[in-house]
Structure formats: structure tokens, C-alpha cells
Number of protein chains: 2
Amino acid sequence: MAVQPELCRVEDALGILVGKWKPIILLVLLHEGTHRFSELKRRVPGITQKMLTTQLRELEEEDIISRKVYPQVPPKVEYSMTDYGKSLEPILTAMHEWGTAHTLRKMQKVQD
Amino acid sequence: MAVQPELCRVEDALGILVGKWKPIILLVLLHEGTHRFSELKRRVPGITQKMLTTQLRELEEEDIISRKVYPQVPPKVEYSMTDYGKSLEPILTAMHEWGTAHTLRKMQKVQD
DNA sequence: CCGAATCCGCAAGGATACTG
DNA sequence: CAGTATCCTTGCGGATTCGG
């Protein structure tokens, strides 16, 4: 049967994953559990505060991660994957494995 | 074990898939086989010649699709998935399924 | 028929400084 | 500690025109 371009839902999934820092943020939260803002910032070298905030907000918007604020001084905010967000795991894993193979393949070509 | 941000190969896979038209192009070639340029253009409504050319070149560059030129007048060029490109199928399918579920979920929320 | 070449707008990404 | 607020740069995507 013919593919219906209008129903190409791949882009919906892509929209969630795309963003320069989203994959690594999701990988960290998936594999290492809850992190607070500063921990996440240290865990993702090179990211600026603004970008971290932006990406986290976008992921929260889509119910992929949850944000828990502790009303105290100094402030404390924790981020973790939602159950729904965890359903992305197979995709992330598949992409990670494929990406690794792809990189190896490229390196071999360079050797020739 | 801790995730190594530097080794986050998810982005390598993402780099292949990202591009406004790449998912649908790949889906068409995967499910419907070889297409020539003009067929592809008709199959992907809204795409311009430049964009189609650009996206095809990028995919060819990564060995995802192959380009076969028939030296004749008028010109004829056929595009098809390489065996390597076909290895993307599980990812594409997983994303398509997840995307569909995601869209349905969003629609339900709107109803509330 | 299958492009290449050029020009352009806009939004994502980023550097830096400031705040409850 | 966990963010805003502002300004700036870059590059993708798009419209259009020309060529083999």
C-alpha cells in the first residue's frame, strides 16, 4: 500500500528528539534517573544555562520529562523521565546502536 | 554505567533522518522501491526541486540511497535505498508508530 | 528531465549579564 | 541555585532563474 505523506508521523517523533541537546539529556535521565538542574548542567558539558532551560521546558511541554520544584532556599528543582517519556527508550536505543555502527563504518572507509 | 556524552551516537542517526523531507523520502523509497526524480517530486507534494536535490544528495553522501543515471535524452535518474539504508527501517518504523501514538494522545487531551 | 546557481527570510542556537 | 532578559550569529529551507 502506498505511503500517505500527510500521515507521516515520523516527524512527530523527530520533533521531540530534535534539538542539539535533547538526545543526551534524555539518555542521562533515562540511564541515571532523576537529576537536579545543576547536576544536569555538569553532566552535559558545553551547554549553557539558557539552552538547558529551553530544552527542558520543551521536553516538559510534551510530557516527556517532569519538573519538581522544592520551595526552599536555595532553590532545588529536579527533573526526571515520565512514564510516557520512558516509552521513547526503544527508539533512543535503536538510534544509539545504529549511530555507533554508522560511525564505525565511516571510520573504516577513511582507512582505505 | 554512566552515559558518555561524548559518545552519544544518537545524534549521528539523527543527522541522517533530520531534514524537513528526509523521513517521507525514505519512507517512500523503502515501501515503494525505486523512483525517478520526477516521480519522487510528485510523490512528495510541496517539495521544490532544489530541496529534493539537496536532500537526495545528502542521503546519497551517507550511502543511504543510491543514484543511478541513465545516459540518454531526456535524462533519467533513478533513486533507491541501499542495503545499508534499509537498515534504518526499524528506526523509521519505531518512530512512525510512536509518532502515531503521540498524536492520538495529544488529540485526547484536547477533548478534555 | 534533472538539475545548478543565486539571493533571501527566519527561527534555532549561543554569549553575556542580571535576578528572586 | 535556577533561572530570565537581551542581543547577535548562523544555516536551513524556500523562491526564482538559468543550463545541459
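When reading the values below, keep in mind they use all heavy atoms of this one structure, side chains included, and skip hydrogens, waters and symmetry mates. We name chains A, B, ... by the order of the sequence lines, and we start the count at 1 in each one.
- Rounded to whole Å, the distance from CZ on A:Arg36 to C1' on D:dA2 is 9 Å.
- At the heavy-atom level, A:Tyr70 lies nowhere under 4.0 Å from the strands shown.
- When rounded to the nearest whole Å, the span between CG of A:Leu14 and P of D:dG13 equals 12 Å.
- To the nearest angstrom, P of D:dA2 lies 10 Å from CG of A:Leu40.
- Between A:Arg67 and D:dG3 there is a side-chain N or O to OP1 or OP2 distance below 4.0 Å.
- Between A:Leu30 and A:Leu88, every side-chain heavy-atom pair lies at or beyond the 4.5 Å cut-off.
- Side-chain contact between B:Lys68 and B:Lys76: absent, with no pair of heavy atoms (C-beta onward) separated by less than 4.5 Å.
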>> Set out, in order, the CA-CA distance, both residues' side-chain angles and the distance that settles side chain to side chain contact (heavy atoms under 4.5 Å, CB included) for B:Trp98 and A:Asp12, then state yes or no.
In response: CA-CA 8 Å; B:Trp98 195 92; A:Asp12 295 313; 6.0 Å; no
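- Salt-bridge check for B:Lys22 with B:Glu58: passed, with a basic side-chain N closer than 4.0 Å to an acidic carboxylate O.
- By the 4.0 Å N-to-carboxylate-O rule, A:Arg9 lies too far from B:Glu97 to be salt-bridged with it.
- In the hydrophobic clustering of ILVMFWY residues, with side-chain heavy atoms under 4.5 Å counting as a link, B:Val69 and B:Leu40 come out together.
- The CE atom of A:Met51 sits 17 Å away from the P atom of D:dA5 (whole-angstrom rounding).
- The distance between atom CD1 of B:Ile47 and atom C1' of D:dC12, rounded to the nearest whole Å, is 13 Å.
- Annotation: cation-pi pair A:Arg36/A:Tyr79 absent, no NZ/CZ under 6.0 Å from the ring centroid and within 45° of its normal.
- Residues A:Thr82 and A:Ser66 have side chains that never bring a donor and an acceptor to within less than 3.5 angstrom of each other.
- Across the interface with DNA chain D, nearest-nucleotide mapping of B:Thr48 and A:Arg42 shows A:Arg42 to be the residue nearer the 5′ end.
- Computed from coordinates, the A:Lys50 NZ to D:dT9 C1' distance equals 11 Å when rounded to whole Å.
- Heavy atoms of A:Gln55 sit under 4.0 angstrom from primed sugar atoms or phosphate atoms, though from no base atom.
- As judged by a 4.0 angstrom heavy-atom cut-off over every strand, A:Glu78 is placed among residues making no nucleic acid contact.
- The interatomic distance linking A:Arg57 (CZ) with D:dT4 (C1') rounds to 10 Å, in whole Å.
- Protein chain B contacts DNA chain C over a range whose 5' and 3' limits, counting nucleotides with an atom under 4.0 angstrom from a non-hydrogen atom, are C:dC1 to C:dT6.
- When each of A:Pro74 and A:Thr53 is assigned the nucleotide of DNA chain D with its nearest heavy atom, A:Pro74 is the one assigned upstream, toward the 5' end.
- Of the possible polar contacts, one joining the A:His35 side chain to the A:Gly33 backbone as a donor-acceptor pair under 3.5 Å is found.
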Check nucleotides 18-20 of chain D for protein N or O atoms closer than 3.5 Å to its own N or O atoms and list the pairs.
none

